[in-house]
Peer 1: 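Okay, handing you the structure first.
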Amino acid sequence: MARARSVRTVRSDGTPVYAWDQRPGLPPVRVVPLDPDCDSEHLPPHNRHAHDFWILAYVERGGGAVGLDGEQVALRDGEVHAVAPGEVVAAESLAEIADARAWSVAFTPDAIPALASISPLTWAHHPLLALFAADGRRALVPEAERPRWQSWLAELTDELRHPDRLGAHDAITATLTNLLVASARLAPSAPIAPDPLVSRVFDEIEKTYATKVTAGDLARSLGYTPGHLTTVVRQRTGRTLLDWLTERRLTEARRLLRETDLPLSVISTRTGLTDPGYLVRRFKARYGTTPDRWRREA
């Protein structure tokens, strides 16, 4: 199974941030089994790194520990771990987990129809992603429920291996939804308080994304230099200021493509994406297909 990552950028401390590598026509979901016999191609990189996508990891058989944002986290039987975008993973510690068996589900939330239709700026606070906002970002799956988790993961892996099979896309999103619902129900009731600066940035994007505002304009309106705010947002969320602005615009573009017959010239104007050519380039880079083809298939 192909990797879900390519280097998007490198932080000032040398930590690479891996971006989602979208494959045309496939849901933005990957499953990677981690075990002693795992193909080395599927193992995480052997260095400190972060992602701009989301990872839900289920530990079938524990052993060893990994570093998550500076904390050594033991891998125990039946635990589920949520790795949020921007969180630093100390992958060099993976050498210690030779006896462990785990499943890593990497995804972007727009794989789920309920999340694809809302602003990406609200994903972090959506109930389906509750474990990602919980203190510690981990929970213990009750022993009686573990066979069901293993079945879901095996089913998801099988569907992803045969994406052209009838109903595969629906099965993939349904199974991922089951995993997210189950993990959310295990999350502590008290979530982590939202980051005040990120909340301000997202509020400003929500107010202005439909205009021709730039990332620099957003930074200056909030009282920061573009370089400084981009660095801070990337460190805290795994994506840059421009990434989030573009993501919000593309979400609205998808909504207009799905719900209206508006031409690309109008959609590009209504989403702040300058012109139809730029909309097509950004859309294809993000989703692996053109707006027209996406509209027909949607």
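It should be emphasised that the depicted structure is a prediction, and the values quoted were computed from it without experimental measurement.
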Peer 1: What's the separation between atom CZ in Arg200 and atom CG in Leu218, rounded to the nearest 0.5 Å?
Peer 2: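 Output value for this atom pair is 11.5 Å.
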Peer 1: For Glu71, enumerate each residue passing the salt bridge (charged side-chain N to carboxylate O under 4.0 Å, His left out) test, keeping only those at least two apart in sequence or located in another chain.
Peer 2: Arg138
Peer 1: Is a donor from one side chain sitting under 3.5 angstrom from an acceptor on the other, for Asp243 and Thr246?
Peer 2: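 Result is no, nothing qualifies.
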Peer 1: Let me confirm one number: the CD1-CZ distance from Ile55 to Phe107, rounded to the nearest 0.5 Å.
Peer 2: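 Answer rounded to 0.5 Å: 9.0 Å.
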Peer 1: Can Asp292 and Thr290 be counted as having a side-chain donor-acceptor contact under 3.5 angstrom?
Peer 2: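 Side chains of Asp292 and Thr290: no pair found under 3.5 Å.
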Peer 1: Val198 and Val17: same hydrophobic cluster, using ILVMFWY side-chain contacts below 4.5 Å?
Peer 2: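 Cluster IDs for Val198 and Val17 differ.
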Peer 1: Among all residues two or more places apart in sequence or in another chain, which pass the ring-ring contact (aromatic ring centres under 6.0 Å, His included) test with Trp244?
Peer 2: Phe202
Peer 1: For Glu206 and Leu121, which heavy atoms make the closest approach, and how far apart are they?
Peer 2: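 Of all heavy-atom pairs spanning Glu206 and Leu121, the closest is OE1-CD1, 3.4 Å.
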Peer 1: Nearest heavy-atom pair of Ala116 and Thr251: which atoms, and what distance?
Peer 2: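 Minimum heavy-atom contact is O-CG2, 3.8 Å.
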Peer 1: Under the rule for ring-ring contact (aromatic ring centres under 6.0 Å, His included), what residues qualify as partners of His228, not counting sequence neighbours?
Peer 2: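 With neighbours one apart ignored, the set is Tyr224.
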Peer 1: Should Leu186 and Val105 be counted in the same cluster of Ile, Leu, Val, Met, Phe, Trp and Tyr side chains packed under 4.5 Å apart?
Peer 2: yes
Peer 1: For residues 163-170, which side-chain donor-acceptor pairs fall under 3.5 Å, sequence neighbours excluded?
Peer 2:
| residue | atom | partner | partner atom | Å |
| --- | --- | --- | --- | --- |
| Arg165 | NH2 | Asp158 | OD2 | 2.8 |
| Arg165 | NH2 | Glu159 | OE1 | 3.3 |
| His169 | NE2 | Gly25 | O | 3.3 |

Peer 1: Taking only residues two or more places apart in sequence, or in another chain, which ones meet Trp54 in a side chain to side chain donor-acceptor pair (under 3.5 Å)?
Peer 2: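 For Trp54 there are no side chain to side chain donor-acceptor pair (under 3.5 Å) partners, ignoring immediate neighbours.
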Peer 1: Please give me the minimum heavy-atom distance between Pro188 and Ala134, naming the atom from each residue.
Peer 2: CD-CB, 3.5 Å
Peer 1: Take the angle between the ring planes of Tyr18 and His51 and call it parallel below 30°, perpendicular above 60°, tilted in between.
Peer 2: tilted
Peer 1: Considering non-hydrogen atoms only, spot the tightest contact between Ala74 and Ala65 and give its length.
Peer 2: CA-CB, 3.9 Å
Peer 1: Once side-chain hydrogen bond (donor to acceptor under 3.5 Å, both in side chains) is applied, what residue pairs with a partner in residues 172-182 remain, sequence neighbours excluded?
Peer 2: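 Qualifying pairs: none.
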Peer 1: Run the side chain to side chain donor-acceptor pair (under 3.5 Å) test against Glu259 and tell me which residues pass, sequence neighbours left out.
Peer 2: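 If we apply the side chain to side chain donor-acceptor pair (under 3.5 Å) test to Glu259, skipping adjacent residues, the hits are Arg255.
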Peer 1: Are the side chain of Asp52 and the backbone N or O of Trp20 linked by a donor-acceptor pair below 3.5 Å?
Peer 2: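 Present.
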Peer 1: Taking all heavy atoms of Leu245 and all of Thr214, pick out the closest pair and write down the distance.
Peer 2: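 In this case the closest contact between Leu245 and Thr214 is CD2-C, 4.1 Å.
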Peer 1: Do Leu176 and Ile112 have side-chain heavy atoms sitting under 4.5 Å apart?
Peer 2: yes
Peer 1: For the CG atom of Leu222 and the CD1 atom of Ile205, what is their distance to the nearest 0.5 Å?
Peer 2: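 Answer rounded to 0.5 Å: 9.0 Å.
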Peer 1: Scan residues 264-285 for pairs that pass side-chain hydrogen bond (donor to acceptor under 3.5 Å, both in side chains), counting only residues two or more places apart or in two chains.
Peer 2: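 As it turns out, there is no side-chain hydrogen bond (donor to acceptor under 3.5 Å, both in side chains) pair with a partner in residues 264-285 once direct neighbours are skipped.
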Peer 1: Going by the side-chain hydrogen bond (donor to acceptor under 3.5 Å, both in side chains) test, which pairs reach into residues 140-152, not counting sequence neighbours?
Peer 2: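 Matches after skipping sequence neighbours: Ser151-Glu155.
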Peer 1: Under a 4.5 Å side-chain heavy-atom rule over Ile, Leu, Val, Met, Phe, Trp and Tyr, are Val181 and Leu153 clustered together?
Peer 2: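 Yes.
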Peer 1: What residues, two or more places apart in sequence or in another chain, satisfy salt bridge (charged side-chain N to carboxylate O under 4.0 Å, His left out) together with Arg293?
Peer 2: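 If we apply the salt bridge (charged side-chain N to carboxylate O under 4.0 Å, His left out) test to Arg293, skipping adjacent residues, the hits are Glu297.
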Peer 1: For Arg295, which residues count as a side chain to side chain donor-acceptor pair (under 3.5 Å) partner, sequence neighbours excluded?
Peer 2: none
Peer 1: How many angstroms lie between CG in Leu129 and OG1 in Thr122, if you round to the nearest 0.5 Å?
Peer 2: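 If I round to the nearest 0.5 Å, the distance is 9.5 Å.
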Peer 1: Is there a donor-acceptor pair under 3.5 Å between the side chain of Glu87 and the backbone N or O of Ala84?
Peer 2: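 Checking the backbone N and O of Ala84 against the side chain of Glu87, a donor-acceptor pair under 3.5 Å is found.
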Peer 1: Does Arg258, at its CZ atom, have more than 12 non-hydrogen atoms belonging to other residues, nucleotides or ligands within less than 6.0 Å?
Peer 2: yes
Peer 1: Do Pro194 and His125 have side chains that approach each other closer than 4.5 Å (heavy atoms only, starting at C-beta)?
Peer 2: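 Side chain of Pro194 against side chain of His125, heavy atoms only: contact under 4.5 Å found.
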Peer 1: Looking at Thr225, is its backbone amide N or carbonyl O close enough to the side chain of Arg220 to form a donor-acceptor pair, meaning the two atoms are under 3.5 Å apart?
Peer 2: no
Peer 1: Under 4.5 Å between any side-chain heavy atoms of Val83 and Arg137, yes or no?
Peer 2: no
Peer 1: Give a yes/no verdict on a cation-pi contact between Arg249 and Tyr209, requiring under 6.0 Å between NZ or CZ and the six-membered ring centre and an angle within 45° of the axis.
Peer 2: no
Peer 1: To the nearest 0.5 Å, how far apart are CG in Leu179 and CG in Leu156?
Peer 2: 6.5 Å
Peer 1: Taking all atoms of both residues into account, what is the closest heavy-atom pair of Gly63 and Ala100, and its distance?
Peer 2: O-CB, 3.6 Å
Peer 1: Looking at residues at least two apart in the chain, or sitting in another chain, which of them share a side chain to side chain donor-acceptor pair (under 3.5 Å) with Glu79?
Peer 2: His81
Peer 1: Quick check for you: to the nearest 0.5 Å, what is the distance between Leu273 atom CG and Lys212 atom NZ?
Peer 2: 11.0 Å
